[in-house]
Amino acid sequence: MFDNLSEKLDKALHVLKGHGQITEINVAETLKEVRRALLDADVNFKIAKDFTNNVKEKALGQNVLTTLQPGQLMVKLVKDELTELMGGDAEGVNLSGNPSVILMSGLQGSGKTTFSGKLANFLKNKKTKKPLLVACDVYRPAAVDQLHVVGEQIGVEVFSDRGNTNPVAIAQAGIAHAKANGHHVVIVDTAGRLAVDEEMMNEISEIHKAIKPEETLFVVDAMTGQDAVNTAKAFNDRLDFDGVVLTKLDGDTRGGAAISIKSVVNKPIKFIGTGEKMDAIDVFHPSRMADRILGMGDVVSLVERA
Amino acid sequence: EKSKTSFFGKLSKAVAGKSKVDDEVLDNLEEVLVSSDVGVHTTLKVIERIEERVSRDKYLGTDELNRILREEIAGLLSETNSGEATEFSVPEDKKPYIIMVVGVNGVGKTTTIGKLAYQFKKQGKKVVLGAADTFRAAAIDQLQIWADRVDVPIVKQSMGSDPASVAFDTLKSAVTQDADVVIIDTAGRLHNKVNLMNELSKVKRVMQKVVEDAPHDVLLVLDGSTGQNAFEQARQFTKATEVTSLAVTKLDGTAKGGVVIGISDQFRIPVKYIGVGEGIEDLQVFNKYEFVDSFFK
Ligand SMILES: Nc1nc2c(ncn2[C@@H]2O[C@H](COP(=O)(O)OP(=O)(O)OP(=O)(O)O)[C@@H](O)[C@H]2O)c(=O)[nH]1
Ligand SMILES: Nc1nc2c(ncn2[C@@H]2O[C@H](COP(=O)(O)OP(=O)(O)OP(=O)(O)O)[C@@H](O)[C@H]2O)c(=O)[nH]1
Ligand SMILES: [Mg+2]
Ligand SMILES: [Mg+2]
């Protein structure tokens, strides 16, 4: 199931090897393998199709460079195209506000609460900020306790109001508290919600409108399959979010959802989560992600073997 | 419902009275299945089956097509899923019946346990929960809240304690209380973390010191929005704990959870439950025909 693309392309490249030029037939053959690898990596069906069509056009449009074998050219085309799709190098979060407010959003269990802690920890240690965590998940059992435990672990204050069931009011009170107590950054954790849950989507729109965050992040599980496009689009339609956080990349998922999301909402992927601990956070690198999705640890070695 | 009719409509028109399915229809079918996370491998398998069927049974009528498509897809699940069960039940001859719940992070293990406990309790069964996730922040509090909601006892220790020891205590307590069902919660873990997977095997072994054939059911919870990685999850959890059944959660969203078809087919593990919400009643016994139909909606 998880044969990597290198192997697949190796196979397909046999077709190409020995040919002096890229013909329509061997391009189609190779791209069928690429498309399948993308689908196995959970890249959205339509996006994988468009992607391979693009690469095909480019491949057919290019004369074979004398220094390159057709196979090499093909691998390079695929890799470049993918990296480009994934966007430029990581951008940080907008910290221009006083305080800067960061709103978390996403499906149930995607890793919002954990990431809220990681980001607070990151800003505290790496940017010498004084963050405040605000607990606006009034639904999930023990969600508030969870954020308090996280806050304690990293030595960051947590604002909560257990008697209050209105997340908008809690968020506003949290920001007021931050202002009064000299916090530079406010990170607002929210409940997980499905894109089709009208009531809950309205709720997060309300929070968003009321607190006007400097930065709204969409937190998504890197293992997500074909549905990633629907969800990302629905959240973006409501929140026009600023960036994406891709969690649980410490697993062995290919993470094709990253491309799907990027193509459908065209927002930068800013951070990745690589573990359950508070320091398991990293900035996003498009080219590494392209390699991961393609299953090519090292494109060069593949090309050398071809 | 509209697109469902149109898909079947298209399919019918293209196949009715013919002895071969044309490529456009197969492309359509491929799109539906891959977009439901069924995966390329399993999708090709389904398409082969349909092609075979059509060439064998020639001149199929429109009515038969729906049925065949459903049958062929559900057929991959058939050997391990009766598809007829509608009741939550546990075998009467195991007392207590011990369920261990496993899975990667955030898939819905603890929530599913709460819902399951509710179902069993409703049937008048005596249920005990074991809080063997001693790692995740406030995991014990979360299970405690579910135990209070359902009104069943919970066995727990402090955060950071040995999960195997919690499971041991839970079984001891359940036996003493003459409980009917025991459900053990475990911490979410990614299947590529060897130490954490070994810890699960240990939890299982330690339980067997109290009840020889425990656990009777190892329930692997899969998030319905997970893509092809679920395969590797099933493989690795099966290796570590011999998974005996699956639950697919979060099917109240737009994700279809189609990856379980291939998993059930390849690993011969039945899908038992589906999660359709965060509420206490939002758990259903798996029905394979309804599940397959949802792909075409
Ligand atoms: N391995 C790993 N686990 C993670 C990562 N991020 C979060 N988790 C785990 O995923 C699970 C869910 O994380 P939460 O932070 O509770 O997710 P959430 O989005 O707040 O969940 P809800 O509030 O229920 O919607 C927990 O077990 C976390 O420890 C990550 O990057 N890697
Ligand atoms: N919409 C929906 N949400 C669900 C369903 N099942 C669980 N959830 C939500 O998913 C999130 C994670 O559920 P948990 O039960 O904490 O998941 P877990 O597997 O125990 O998580 P960890 O212990 O952190 O690994 C919570 O917000 C649940 O309310 C479901 O069927 N539908
Ligand atoms: Mg949370
Ligand atoms: Mg849990």
Side-chain angles (χ1 to χ4, degrees), chain A residues 1-2 35-37 39-46 48-49 107-111 113-114 117 139-153 191-197 220-231 234 247-248 250-257 275-276, chain B residues 30-41 43 104-108 110-111 114 135-146 148-149 159 187-193 223-233 235-236 249-250 252-259 262 266 277-278:
Chain A
M1 208 59 200
F2 285 87
R35 180 168 164 271
R36 182 167 175 175
L39 293 177
D40 281 344
D42 293 321
V43 175
N44 175 267
F45 184 85
K46 289 204 176 76
K49 210 170 183 174
L107 295 184
Q108 286 92 347
S110 57
T113 306
T114 307
Y139 308 99
R140 170 172 166 161
V144 177
D145 301 308
Q146 187 187 356
L147 196 65
H148 274 284
V149 172
V150 162
E152 221 159 88
Q153 280 173 9
R193 65 201 74 224
L194 293 170
V196 288
D197 188 335
V220 60
D221 186 325
M223 296 179 277
T224 309
Q226 296 286 318
D227 189 52
V229 286
N230 303 328
T231 308
T247 63
K248 308 183 198 173
D250 45 325
D252 54 9
T253 183
R254 277 293 157 67
E276 296 190 73
Chain B
E30 184 194 354
E31 175 167 0
V32 169
L33 295 179
V34 171
S35 300
S36 304
D37 288 316
V38 171
V40 179
H41 180 78
T43 295
V104 301
N105 308 84
V107 287
T110 307
T111 308
F135 178 75
R136 220 234 24 242
I140 300 171
D141 305 284
Q142 186 189 0
L143 191 68
Q144 177 74 62
I145 290 173
W146 276 106
D148 294 344
R149 276 186 189 170
M159 283 298 288
R189 67 201 72 220
L190 291 176
H191 49 282
N192 59 338
K193 311 234 159 125
D223 184 324
S225 62
T226 304
Q228 300 307 302
N229 190 250
F231 254 99
E232 215 46 39
Q233 295 172 21
R235 191 186 324 277
Q236 299 308 333
T249 60
K250 310 184 193 175
D252 43 330
T254 40
K256 305 292 189 198
V259 65
Q266 184 170 337
E278 300 184 82

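Proteins get letters first, then strands, A, B, ... in listed order; numbering begins at 1 in each.
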Counting heavy-atom pairs under 4.5 Å with chain A, which one of [options] comes out on top?
options: B/Asp223, B/Val107, B/Asp252; answer: B/Asp252
options: B/Thr110, B/Asn105, B/Asp141; answer: B/Asn105
options: B/Gln144, B/Lys256, B/Met159, B/Lys250; answer: B/Lys250

Least distance between heavy atoms, [X] atom then [Y] atom:
X: B/Gly227; Y: A/Asp42; result: CA-OD1, 3.3 Å
X: A/Gln226; Y: B/Val34; result: CG-O, 3.1 Å
X: B/Leu190; Y: A/Gly251; result: CD1-N, 3.4 Å
X: B/Ala137; Y: A/Val150; result: CB-CG2, 4.2 Å

Under a 4.5 Å cut-off applied to non-hydrogen side-chain atoms, are A/Leu39 and B/Gln228 in contact? no

Any B/Glu278 side-chain heavy atom under 4.5 Å of A/Arg193 side chain: no

Can you sort out the partners of B/Arg136 under salt bridge (Lys or Arg N to Asp or Glu O under 4.0 Å), two or more places apart, ordered by chain and number? none

Around atom CD of A/Glu152, are there more than 12 heavy atoms of other residues, nucleotides or ligands at under 6.0 Å? no

How far does CD of B/Glu232 sit from CZ of A/Arg254, to the nearest 0.5 angstrom? 10.0 Å

What's the separation between atom CG in A/Asp221 and atom CG in B/Asn229, rounded to the nearest 0.5 Å? 8.5 Å

We want to know whether A/Asp252 and B/His191 form a side-chain donor-acceptor pair, criterion being a heavy-atom distance below 3.5 angstrom. yes

Show your reasoning for whether side chain to side chain contact (heavy atoms under 4.5 Å, CB included) applies to A/Arg140 and B/Gln142. CA-CA 8 Å; A/Arg140 170 172 166 161; B/Gln142 186 189 0; 3.2 Å; yes

Under 4.5 Å heavy-atom distance to chain B, tell me which part of [X] shows up: side chain, backbone, both or neither.
X: A/Asn230; value: side chain
X: A/Gln108; value: both
X: A/Lys46; value: side chain
X: A/Asp250; value: both

Top contributor to chain B interface from A/Val144, A/Thr114, A/Thr224 [non-hydrogen pairs under 4.5 Å]: A/Thr224

Examine whether an atom of B/Glu30 lies under 4.5 Å from a heavy atom of chain A, and if so say whether it belongs to the side chain, the backbone or both; otherwise answer neither. both

Contact part of B/Val259 toward chain A, heavy-atom cut-off under 4.5 Å: side chain, backbone, both or neither? neither

